[in-house]
Amino acid sequence: MTTDWIADVKKYAPTADEAVLQNMLSTYRLVLSHPDSALVSFGDAEELKTVRESFLKKKLGLTADNATLDAAIKEVGAAMKDGTRNGRLAVYYLLAEKFDKLDLFR
């Protein structure tokens, strides 16, 4: 079964930038190919720490305090609560969009 990660993002960001999506898909293709890393578990503290440290701080270069970053992750999690799964690409896109960092993927 192949997952349409772009459709997954567009469920939450209908006007998502196609070029950004394609670049993000290319960047995270390996991560998305493994069922255990393709989804983000908002109930797992270690998973959320990984999103904060690896994506927000390292990839996006954010320097805000952990509480601010954790609040943003929680906000994205709440926005995605209607879905049955939380695809990593959608989580990353929404976070990059929230912090105005989509240009990093252009």
Side-chain angles (χ1 to χ4, degrees):
M1 180 180 124
T2 306
T3 302
D4 186 347
W5 296 113
I6 291 178
D8 194 41
V9 172
K10 289 193 172 196
K11 184 165 54 171
Y12 305 103
T15 60
D17 184 304
E18 285 292 329
V20 169
L21 286 173
Q22 288 301 325
N23 285 334
M24 289 182 89
L25 187 59
S26 177
T27 299
Y28 296 107
R29 190 170 304 280
L30 183 62
V31 171
L32 297 172
S33 70
H34 300 289
D36 60 329
S37 61
L39 304 177
V40 172
S41 172
F42 286 101
D44 181 343
E46 281 302 308
E47 173 75 15
L48 300 182
K49 181 180 174 187
T50 298
V51 170
R52 183 185 70 220
E53 298 299 320
S54 296
F55 184 70
L56 294 179
K57 290 184 178 180
K58 289 181 184 170
K59 184 65 177 180
L60 300 186
L62 300 177
T63 56
D65 60 272
N66 287 349
T68 299
L69 299 176
D70 290 344
I73 294 169
K74 185 176 181 179
E75 184 181 314
V76 166
M80 296 179 73
K81 214 158 190 70
D82 66 330
T84 56
R85 59 177 199 191
N86 301 307
R88 187 167 302 275
L89 191 67
V91 172
Y92 284 5
Y93 186 93
L94 294 174
L95 285 168
E97 182 178 55
K98 177 171 182 49
F99 287 104
D100 199 27
K101 294 288 189 173
L102 291 175
D103 282 346
L104 292 173
F105 298 97
R106 287 195 205 289

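One is the number of the first residue; the rest follow in order along the sequence.
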Exercise. Using the side chain to side chain contact (heavy atoms under 4.5 Å, CB included) rule, take R52 and N66 through it: C-alpha gap first, then chi angles, then the decisive distance, then the call.
Key: CA-CA 8 Å; R52 183 185 70 220; N66 287 349; 3.4 Å; yes

Quiz prompt | Value rounded to 0.5 Å, distance of CG in L104 from CZ in F99 | solution = 12.5 Å

Quiz item: Which atoms form the tightest heavy-atom contact between A16 and Y93, and what is the distance?
Solution: CA-OH, 3.3 Å

Quiz prompt | Side-chain heavy-atom pair K10, L21 within 4.5 angstrom cut-off | solution = yes

Self-check item: M24 vs V9 side-chain heavy atoms within contact, under 4.5 Å
Solution: no

Quiz prompt | Atom pair CG (L94) and OH (Y12), whose distance is rounded to the nearest 0.5 Å | solution = 8.5 Å

Quiz item: Could you state the interatomic distance from NZ (K74) to CZ (F42), rounded to the nearest 0.5 Å?
Solution: 12.0 Å

Quiz item: Should we say atom CG of D100 is surrounded by more than 12 heavy atoms from elsewhere, each under 6.0 Å from it?
Solution: no

Quiz prompt | Side-chain (T27) to main-chain (N23) donor-acceptor, under 3.5 angstrom | solution = yes

Practice problem: Any chance you could measure L89, atom CG, to R29, atom CZ, to the nearest 0.5 Å? | Solution: 10.0 Å

Quiz prompt | R88: which of V31, D8, L39 passes side-chain contact (heavy atoms from CB on, under 4.5 Å) | solution = V31

Quiz item: Roughly how far, to the nearest 0.5 Å, is CG of L56 from OG1 of T50?
Solution: 11.5 Å

Quiz item: Would L48 and D70 satisfy side chain to side chain contact (heavy atoms under 4.5 Å, CB included), going step by step from the backbone distance to the final call?
Solution: CA-CA 8 Å; L48 300 182; D70 290 344; 5.8 Å; no

Quiz item: Do V51 and L95 pass the side chain to side chain contact (heavy atoms under 4.5 Å, CB included) test, and can you show the C-alpha distance, the side-chain angles, and the key distance before you say yes or no?
Solution: CA-CA 10 Å; V51 170; L95 285 168; 3.7 Å; yes

Quiz item: Closest heavy-atom contact between A90 and M80?
Solution: CB-CE, 3.7 Å

Quiz item: To the nearest 0.5 Å, what is the distance between CG (L25) and OH (Y92)?
Solution: 14.0 Å

Self-check item: Closest contact, heavy atoms only, E46 versus D44
Solution: N-OD1, 3.0 Å

Quiz item: What orientation do Y28 and F105 show, parallel under 30°, tilted 30 to 60°, or perpendicular over 60°?
Solution: tilted

Self-check item: Contact summary for A13 and E97, nearest pair of heavy atoms
Solution: CB-OE1, 4.3 Å

Quiz prompt | Residues R106, D17; criterion side chain to side chain contact (heavy atoms under 4.5 Å, CB included); working and verdict | solution = CA-CA 9 Å; R106 287 195 205 289; D17 184 304; 2.4 Å; yes

